[in-house]
Amino acid sequence: MEPAQPADRPPTDATPPEGQPPVRPGAGPTPPQGQPALVEPPADRGEPALVDPAGDDAGRAETVAGDRPAPPARKEKARSERSPKDMVLSLLVLLVPIALLIAFYRGFLGGDSPVTVDPAPALEQARAANVFPVSQPTGLGDDWRTVNARFRTEADGATLRIGYVTPEGRGAQLVESNVPAEKLLPAELSEGRPQGPADLPDGLSWQRYTARGNEQALVLLEPNRTVIVVGDAGETELRKLATSLR
């Protein structure tokens, strides 16, 4: 049997009647069924201050704008806007070293000189083949530079070619071959036509021929070979090459 309790104390049994929410000790009176409970905010907590974000930012921006003066307008000048004098000086800085390199290459390294070759191996191959008499230029001098020399054997015959740069800087080529003349001449001279005897002092029957473009040719027709001296060199140099053959 429980002891008696004072009348001013709430009963210890907080179990609500069936269908009612539990009541905590110290809570206010339970509202009638069907009405919302009134909840009061704690008395010791103050209400939060209402802050206007837009107003705060605007005020801050006004403060900053008022504290800092506007920067002065910059001088807008594009880098590409150069005076003609500046452009000329820039070009000179680039062109002067290039001009010096070109002068050194041509003057000291012989940059404009053609690459020369030794014709002896091609001449030896032609003589070793023994398919036609081989003539060799002699006494031309060092100012006649040999730029190519080759001997080739094909189905219709063999051909020796030696190319030169003449003292005047022109091109001349010596062709010796046992390919039939009716096939060799059109291939070497294109639409070349005979122009009469060349009257060379060696006593051989050389003929003058036209050739492709601005070239001209001297042709020696023999039973077992054909010799052609052709190029854009002058007639004097072509005649000298033809008469140097031994």
Side-chain angles (χ1 to χ4, degrees), residues 105-106 109-246:
Y105 177 71
R106 290 182 174 179
L109 301 180
D112 290 339
S113 301
V115 178
T116 59
V117 300
D118 184 7
L123 290 167
E124 292 176 359
Q125 291 177 8
R127 291 192 177 101
N130 196 26
V131 291
F132 57 80
V134 177
S135 298
Q136 178 178 351
T138 58
L140 289 178
D142 296 335
D143 48 359
W144 286 74
R145 289 162 290 184
T146 307
V147 293
N148 61 72
R150 65 180 182 273
F151 175 75
R152 179 176 298 177
T153 301
E154 298 177 354
D156 52 356
T159 302
L160 171 67
R161 299 177 186 275
I162 303 177
Y164 296 90
V165 173
T166 69
E168 294 183 0
R170 302 284 184 152
Q173 183 175 208
L174 168 66
V175 179
E176 301 180 37
S177 177
N178 66 343
V179 175
E182 61 273 13
K183 184 176 181 179
L184 180 66
L185 293 181
E188 299 295 331
L189 307 181
S190 186
E191 300 296 330
R193 293 289 184 269
Q195 302 296 310
D199 297 328
L200 296 180
D202 56 6
L204 300 176
S205 300
W206 289 87
Q207 300 288 322
R208 294 185 295 108
Y209 272 72
T210 60
R212 61 177 62 90
N214 61 341
E215 296 181 346
Q216 53 186 335
L218 300 173
V219 178
L220 177 63
L221 297 174
E222 295 183 337
N224 53 357
R225 71 168 181 173
T226 299
V227 181
I228 302 173
V229 176
V230 61
D232 63 351
E235 184 177 355
T236 301
E237 290 183 322
L238 294 180
R239 291 168 66 92
K240 184 174 182 178
L241 177 57
T243 55
S244 69
L245 297 177
R246 299 289 183 270

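What you see is a predicted model, and the numbers here were worked out from it, not measured in a lab.
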Here the gap from Leu184 atom CG to Asn178 atom CG, rounded to the nearest 0.5 Å, amounts to 9.5 Å
Compare all side-chain heavy atoms of Thr146 with those of Val117 and state whether any distance is below 4.5 angstrom. yes
Please check if the side chain of Arg208 supplies one atom and the backbone of Gln195 the other of a donor-acceptor pair under 3.5 Å. yes
If you measure from CD on Glu215 to CD on Glu188, what distance do you get to the nearest 0.5 Å? 10.0 Å
Below 4.5 Å, heavy atoms only, C-beta onward: do Lys183 and Asp156 meet side chain to side chain? yes
Within-4.5 Å side-chain heavy-atom neighbours: Pro167 and Trp144: yes
Taking all non-hydrogen atoms of both residues into account, name the closest pair between Phe132 and Asn224 and its distance. CB-O, 3.8 Å
Over 12 foreign heavy atoms within 6.0 Å of CG, Asp142: no
So how far is it from Asn148 CG to Thr116 OG1, rounded to the nearest 0.5 Å? 11.5 Å
So, taking the atom named CG in Asp199 and the one named CH2 in Trp206, what distance separates them when rounded to the nearest 0.5 Å? 13.5 Å
Kindly say whether Ala198 contributes a backbone atom to a donor-acceptor pair with the side chain of Arg239 at under 3.5 angstrom? yes
Distance check, rounded to the nearest 0.5 Å: Gln216 atom CD versus Tyr209 atom OH? 14.5 Å
With a sphere of 6.0 Å drawn around CZ of Arg127, does it hold more than 12 non-hydrogen atoms of other residues, nucleotides or ligands? yes
Main-chain N/O of Ser244 paired to Thr138 side chain as donor or acceptor, under 3.5 Å: yes
Evaluate the side-chain proximity of Leu174 to Val227: yes if any heavy-atom separation is below 4.5 Å, no if none is. yes
Rounded to the nearest 0.5 Å, what separates atom CD1 in Ile162 from atom CZ in Arg150? 11.0 Å
So among Leu220, Thr159, Leu218, Leu185, which one has a side chain to side chain contact (heavy atoms under 4.5 Å, CB included) with Ile228? Leu185
Within the distance-only criterion (no hydrogens, no angle test), does the side chain of Ser177 pair as donor or acceptor with the backbone N or O of Ala158 below 3.5 angstrom? yes
Donor-acceptor pair, Arg246 side chain versus Thr243 backbone, under 3.5 Å? yes
So Thr226 and Val219, do their side chains get closer than 4.5 Å, heavy atoms only? yes
Glu176 (side chain) donor-acceptor with Ser135 (main chain) under 3.5 angstrom: yes
May I ask you to decide if Gly171's main-chain N or O and Asp232's side chain share a donor-acceptor pair within less than 3.5 Å? yes
Which atom pair, heavy atoms only, marks the closest approach of Ala149 to Pro119? CB-CA, 3.7 Å
Within-4.5 Å side-chain heavy-atom neighbours: Leu241 and Pro137: yes
